[in-house]
There are 2 protein chains.
Amino acid sequence: MTPLHQLSAAQALQRLRDGSLKCEDYAQALLARIKYRDPTIRAWVYLNEDQILTQARHLDTIPPSERRPLHGLPIGIKDVILTRDMPTQYNSPLYETNVPINMDAAPVLTLRASGALIFGKTSTTEFATAKAGNIHQNLTANPHDPRRTPGGSSSGSGAAVADYHVPIALGTQTGGSVVRPASFNGCYGLKVSWGAVSREGLAQWSTTNDTCGFFTRSVEDLDVVADVFRLEDDVEVPSQPFSLEGAKVALCKSPVWQKAGPGTIAAMDKASQILRSHGAAVMDLELPEDFAHVLDWHSAILGGEGQSSFLGQYLQDKDKMHDSIQALVENKSGNTRKQQLEAYDSCARLRPIWDSIASRFDAVITPSVVDEAPLGLERTGDMSFCSTWTVMQCPALNIPGFVGENGMPIGLTLVGPRYSDRRLLWVAKTIGSIFEENGGFRSKVVA
Amino acid sequence: MTPLHQLSAAQALQRLRDGSLKCEDYAQALLARIKYRDPTIRAWVYLNEDQILTQARHLDTIPPSERRPLHGLPIGIKDVILTRDMPTQYNSPLYETNVPINMDAAPVLTLRASGALIFGKTSTTEFATAKAGNIHQNLTANPHDPRRTPGGSSSGSGAAVADYHVPIALGTQTGGSVVRPASFNGCYGLKVSWGAVSREGLAQWSTTNDTCGFFTRSVEDLDVVADVFRLEDDVEVPSQPFSLEGAKVALCKSPVWQKAGPGTIAAMDKASQILRSHGAAVMDLELPEDFAHVLDWHSAILGGEGQSSFLGQYLQDKDKMHDSIQALVENKSGNTRKQQLEAYDSCARLRPIWDSIASRFDAVITPSVVDEAPLGLERTGDMSFCSTWTVMQCPALNIPGFVGENGMPIGLTLVGPRYSDRRLLWVAKTIGSIFEENGGFRSKVVA
């Protein structure tokens, strides 16, 4: 029998709802897993056993007929997302005391109202920015090799799901903070279409880019999340599974392909072979020339929006902020508003172009990361391969399955037009199982 | 001598900083004013005298050399903006208990770190949406005629400033929630460029539109705010005052001019005369045809984004939400994602066009409202004249001075290209004083 901590969300929910698995027993099993593993992984920055078990016991008293869609399902929350019964510290010394409380961020409200067991807070880089490591909190390790980073900024959420601490965790992405840790940890990571999930109560860096995301170990579990958040495309997805036979699949090496390391190059090649061998018509997708500027525009937007986003904390006590965040407020890189506006308008012009390109294919696959997770925990990696899709505001989903030169996981990203989130999941269910089976990665997570 | 409650922020600050006015005495004077007037106006939903005076006394102990830019300045906060020491209730029965606390919204953090005395929470419509009246809280009255609405959704902030309760108040605008109450109450109301002030900790309805705004009784006081929030255009404004002599001023009746009532029609005519008589070259500005669709696009965006923004509260207990907000979550108006995306892309295409049109003039003036504040407190008015500028993400500033058929204030809006906030204030200083002097409005606020 599958150990409880290895159940998928969908499997666990079936048993939690019909009462054959008690919330308390499931929570206990996950807590035991965390006790065993987290001294090495350090995915959690707040975890209160008593609080979890009290909630779990309360959930167990709800009669099966009144149980909600996520009844008793433990979910980890990135520590830049407000929770009404747990501190939120943003990995910032500014929030060591006087931590916000009594307020659920909108997505947490949705999860809690759907019966979820909000389990604890997972580690993040400082204010979910890219450059700062985990200064205030302990540095999180990759479950497949604790000498390597799990990626960031949603470091703990990615590691906790991959390491079987919880079946689902919430993250946020402004550059590549969901897709990258999903790739590094070998799990699924969905950044939804911009606006498809409310951002109220999430740390703000760049309103144009900040997006909620979800980590799971299967596409089925992302469907569970998507149902609860009522993600809906205009066109309902077919009930039969997506078939690769004759499907038009584009491989998009993206404008930063020159950055790709051997692991990602091999993964793209292998993906191509696998897809062809399953009957897909695989073609290379070269983006229009303008896409070469997208990373610069993304960066101009992050700079401009970061100036105002972090001003309040800066004025409170700038010495308690990482230099790179102080530099944003002080506009050290000398961004002009003109550059910011040109970046807004240029990206806005490309979004419908991207939608129309993506709509010509049944699937578009692109790299998630430069390569497998590097050694060292201080730096959480490069967001270059993810930023384009973030600022295009389209859904992006890391699919695991491939393997780097050191045996670490490598994923590829499935992208689609804006608000095609459900279609993306439908396609990913087929492609994901094929990649997982044939991509060559074998988990090194201690069972 | 001017009674303390009538001081502008700039006047008060000078005395608070040099110590010739104690924070406690100033706070006491404003509290006395509120005690006298608020039983009629009902601008405040949370006001704790002890808490205010404790803060004020603490501020008085800070030596003049260490006083910060807003030292001791009382500021009202719209009750959809988080404050770490006061409840935030969104005028929603969902937040009668378990109110968020211990967290300052980003703009409150900036104000507090700049020495401001966060005074209390001002009334709002439910979640700052347009249609719902003040169900949970008492209905706020217009200081010039308590039988009339002060506008909304920033009802209390507009009324409190106009009625001399505080010199500055914070609001938010998604349609016309800053500019409209400013017009109805006869004060200044600045909706800044989208992104110029962080929205973290503000209620979310429409990420594309939600923007922070400020109410004051003078442009000088908006400069005080703009300094603290580090609003900066690319080009610094000249040090000499803006002169109307030879200035190119456009009057933009906007695509909804057919909605304008007699008060607004008269105000636009009078503005034209006044500007001409001060030497301005006044011309009519007709917007390109596409702008006729902007209100539909604004509405499609509000519909699409409202679906996800209010989902959490809806799932918590939809019966505690106004029907119009339930209808947003349920997408009762049947918006498609295609419509939402077309609205995004069309508005995005028009933004640089608007910037370039506006840049051809020294000033662009457009109506703020349909007419003076209507009778009745249930409906807070029509946002048609404001929504275009909200979704263009440009700065929009209500300038008071004109008068309706019933002697109520009417303002006009000064608009400019995105990120021209400081230039707008520079121009408004000149135009504002001329409009206030010659527009015909005489305050009916009980001194």
Side-chain angles (χ1 to χ4, degrees), chain A residues 82 84 88 98-110 112-114 193-204 207-208 228-230 232-234 304-305 307-317 329 336-338 340-342 344-345 348-349 351-352 355 393 417-419, chain B residues 82 84 88 98-114 193-204 207-208 228-230 232-234 304-305 307-317 329 336-338 340-342 344-345 348-349 351-352 355 393 418-419:
Chain A
L82 295 175
R84 70 154 194 250
T88 303
N98 258 331
V99 292
I101 206 140
N102 264 23
M103 171 90 182
D104 274 339
V108 176
L109 212 52
T110 294
R112 215 190 283 271
S114 305
S193 290
W194 187 81
V197 170
S198 172
R199 296 182 346 96
E200 189 169 354
L202 278 57
Q204 178 182 318
T207 308
T208 302
V228 161
F229 282 95
R230 302 194 180 184
E232 272 175 38
D233 307 350
D234 277 341
E305 296 184 341
Q307 263 181 271
S308 56
S309 286
F310 299 112
L311 175 63
Q313 287 105 346
Y314 176 93
L315 292 174
Q316 209 185 352
D317 189 350
V329 177
T336 64
R337 295 306 185 186
K338 184 162 180 279
Q340 183 182 343
L341 294 173
E342 278 171 4
Y344 281 162
D345 300 337
R349 193 169 41 74
R351 283 184 199 118
D355 289 349
Q393 303 184 337
R418 289 171 293 172
Y419 278 110
Chain B
L82 296 175
R84 69 154 195 250
T88 302
N98 258 331
V99 292
I101 206 141
N102 263 22
M103 171 92 183
D104 274 339
V108 176
L109 212 53
T110 295
L111 293 172
R112 216 189 282 271
S114 304
S193 290
W194 187 82
V197 171
S198 172
R199 294 183 346 95
E200 190 169 353
L202 278 57
Q204 178 184 316
T207 308
T208 303
V228 162
F229 283 95
R230 303 194 180 182
E232 273 174 39
D233 308 349
D234 276 342
E305 297 185 341
Q307 264 180 270
S308 56
S309 286
F310 299 113
L311 175 63
Q313 287 105 345
Y314 176 93
L315 292 175
Q316 210 185 352
D317 190 351
V329 178
T336 63
R337 294 306 185 186
K338 184 162 181 281
Q340 183 181 342
L341 294 174
E342 277 171 6
Y344 281 161
D345 299 337
R349 192 169 43 75
R351 284 184 199 118
D355 288 351
Q393 303 184 336
R418 289 172 294 172
Y419 279 109

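The figures that follow rest on heavy atoms only: side chains count, while hydrogens, waters and symmetry mates do not. Reminder, nothing fancy here: chain letters follow the sequence lines and each chain counts from 1.
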Measuring from [X]:[atom1] to [Y]:[atom2], what's the distance to the nearest 0.5 Å?
X: A:D234; Y: B:Q340; atom1: CG; atom2: CD; value: 9.0 Å
X: A:E232; Y: B:S308; atom1: CD; atom2: OG; value: 11.5 Å
X: B:L315; Y: A:T110; atom1: CG; atom2: OG1; value: 5.5 Å
X: A:E200; Y: A:L109; atom1: CD; atom2: CG; value: 9.0 Å
X: A:L311; Y: B:F229; atom1: CG; atom2: CZ; value: 7.5 Å

Closest-packed option against chain A by number of heavy-atom pairs under 4.5 Å, given [options]:
options: B:D233, B:T88, B:T207; result: B:T207
options: B:A105, B:A203, B:G195; result: B:A203
options: B:R199, B:R337, B:M103, B:Q393; result: B:R337

For [X], which atoms come within 4.5 Å of any heavy atom of chain B: side chain, backbone, both, or neither?
X: A:L82; answer: side chain
X: A:V228; answer: backbone
X: A:D355; answer: side chain
X: A:R418; answer: both
X: A:F310; answer: neither
X: A:Q313; answer: both
X: A:E305; answer: side chain
X: A:R112; answer: neither

For this session: Compare every heavy atom of B:A348 with every heavy atom of A:D345, then report the nearest pair and how far apart it is.
Result: OD1-O, 4.3 Å
Exercise. What heavy-atom pair brings B:S198 and A:S309 nearest, and what distance separates the two atoms?
Worked result: CB-CA, 3.9 Å
For this session: Tell me, for B:S114 versus chain A, whether the close heavy atoms (under 4.5 Å) come from the side chain, the backbone, both or neither.
Result: side chain
For this session: Would you mind reporting whether B:Y419 and A:T336 have side-chain heavy atoms less than 4.5 Å apart?
Result: no
For this session: Find the one option among A:R230, A:Q307, A:K338 whose heavy-atom pairs under 4.5 Å with chain B are most numerous.
Result: A:R230
